[in-house]
Amino acid sequence: MAVPALKIEHLGKTFGATTAVDDLSLDIAPGEIFGLLGPNGAGKSTTINMITGVTRIGSGKVSVFGYDNRGNSLITRRLIGVMHQEIVIDHFFTVNQAIRIHAGYYGLRDDPQWRRTLIERLGLVPHLDKPLRELSGGMKRRFMIAKAMIHKPRLLILDEPTAGVDIELRRSLWEFVQEINNAGTTVLLTTHYLEEAERMCGRIAIMNQGKLIALERKETLLNRLGGRRITVTLTEEPPQALPESLLENGCLLSREKNRLTFFLAGNCTTGDILRRFHDSGLRIADIDLHKPDLEEVFLQLTGRGKVNRSGERS
Amino acid sequence: MTNPLPLPPFEPWIPFLTLLKREIMRFMRVSFQTLLAPVITASLYLFVFGATLGQRISVLEGFSYAQFVIPGLILMGIINNSFSNTSSSLFMSRYLGNIVDLLVSPITPAQIILAYTVAAMLRGMLVGAVITLIALGFAPLPWLHPFLCLLMALLSSFLFAQFGIIAAIHANNFDSLSMFTNFLLLPLIYFGGVFYPVSILPPFWEGVSRCNPLFYLIDGFRFALLGTGDNPFWLSFGAAALLAAALFIWAGLLIATGYRLRN
């Protein structure tokens, strides 16, 4: 069995009376892109800060590629690259100087080739000699990714990497992260953009109020919790009292004139629904299948907006 | 379970050298503020006490007032700038949040404290050297014990570099950081015998002054330069060395435990 890139065991942290992280355990395999989601205040950043050593561990244990991050902190820090959520820059230096300084903190001699690759790939070439304070918000984010990558970490932690950046940059960052991952770097990603998690991550953990409330492969999570929905449009409006067979298992979500929407989960399949319509003599004009999205799952799990039976978020 | 992955290449002294270089680049980048301003301040003192007022004052037999005051002014420049370098740099890193760059990287607490200290000492000694050169234009100096002069200057800058680290970590905001300067450092300097020999004070105030650690630094430095002081050199050096060791341990503990740096 391969050593996990990251192993978190019963991690906990309290700040005064507030429990920020509560008995969190999870493993991330080498080569994964792992998503850590949760609403604001869920404990994601505190977890990341405990992994990287910015915050002291309250209880539990964190290992990075088999090295304990307290007993072997100098080793684990070499293995981790982190891009923090807040934009953190050193106002005294230019982009190029700051990147070189950061490489030095990791005990590396300057590697001009790798530095150039990062700078070019992240579109920082025109800004190389600019003081950091003169960069736009998006450029600062690119710089922070370059900084996190300059020592070629085995585990790259991206805490809200695309917060507040335009869609073009977001997509180019996604591509870059994918490339890095293809080259063997494990990625732990937290994001508020569920589209980002859905597109990038293989497995997803969801935290709420410090606790882990879900950890699944993305597809499993979507199927298990989101289910699929099917909207059937009939050739004419059905009678007010629908045939009993269509109401079985309580899978009817909503009706609107001749449009009926069903929730497909558990035993209720597309075939079942179509058979029930056939048996009841109602004629189908059109069907529309909706795949669940992560946002829906997220909202259900965190209770931030349950999907009710009428198909609307409360 | 298989063995952990082999580690990436790492040269353990590079983080220290990098932080040292960063600190030097930082103060050189704002050299008007960090190097030129203190030299101008000291030059004004030298003008007032050397070329004008000093002609009418004599506090130490056999020496002009300018000769008496110059060692204190040199040391004042060294102390102020060593303190300012560590306190402002570390506090700004805390304030702006870029201290996390150090907290997440494999630089040891010893390397952090040494890099900050060496850079602060370098700035302090640079300012001290320039003030010394300017002072030579106002009065000749005997330089009786040049090695001891250097020793006391280095010890003073080391001591106040540690004090700057401690202040930067304990300060909650810019206001409280300036309190360290205005309500602690400046009174210690001015009551430490820069402008007068402590021995001319009434006994009570002389006793109070002898509790001021700056008194031992200034007196020791003056002894090394002029060959006369209120204390034997070993007492001044010993007191200063003890205080420097205590502050080094204090600063070291703060950095090593991550006090107010790590949550």
Side-chain contact, heavy-atom cut-off 4.5 Å: M28(B) with M25(B)?
-> no
Heavy-atom side-chain proximity of I8(A) to L6(A) below 4.5 angstrom | yes
Would you please say whether a donor-acceptor pair under 3.5 Å links the side chains of T186(A) and E32(A)?
-> no
Got more than 12 heavy atoms from elsewhere within 6.0 Å of CH2, W114(A)?
-> yes
Could you walk me through whether D23(A) and K211(A) pass the salt bridge (Lys or Arg N to Asp or Glu O under 4.0 Å) test, one step at a time?
-> CA-CA 7 Å; D23(A) 196 29; K211(A) 289 180 188 295; over 6 Å; no
Contacts of residues 118-126 of chain A with chain B (heavy atom under 4.5 Å) | none
Please report the closest heavy-atom contact between L254(B) and T257(B), naming both atoms and the distance.
-> O-OG1, 3.4 Å
Counting a contact as any heavy-atom pair under 4.5 Å apart, which residues of residues 82-92 of chain A contact chain B?
-> V82(A), H84(A), V88(A), I89(A), D90(A), H91(A), F92(A)
Pair D159(A) + K44(A): basic N to acidic O under 4.0 Å | no
Any residues in residues 151-165 of chain B near chain A, with a heavy-atom distance under 4.5 Å, and which are they?
-> none
Do N96(A) and R115(A) meet the criterion of a side-chain donor-acceptor pair at a distance under 3.5 Å?
-> yes
Within residues 81-99 of chain B, contacts to chain A at heavy-atom distances under 4.5 Å involve L96(B), G97(B), N98(B)
Relative to each other, are the rings of Y45(B) and F49(B) parallel, tilted or perpendicular (30° and 60° limits)?
-> parallel
For R29(B), is it the side chain, the backbone, both, or neither that has a heavy atom closer than 4.5 Å to a heavy atom of chain A?
-> side chain
Quick one: does T108(B)'s side chain have a donor or acceptor within less than 3.5 Å of a partner on Q111(B)'s backbone?
-> yes
Going through the checks in order, is the salt bridge (Lys or Arg N to Asp or Glu O under 4.0 Å) test met by D111(A) and K152(A)?
-> CA-CA 11 Å; D111(A) 179 349; K152(A) 298 181 182 169; 3.5 Å; yes
Salt bridge flag under 4.0 Å for residues K147(A) and D101(B) | yes
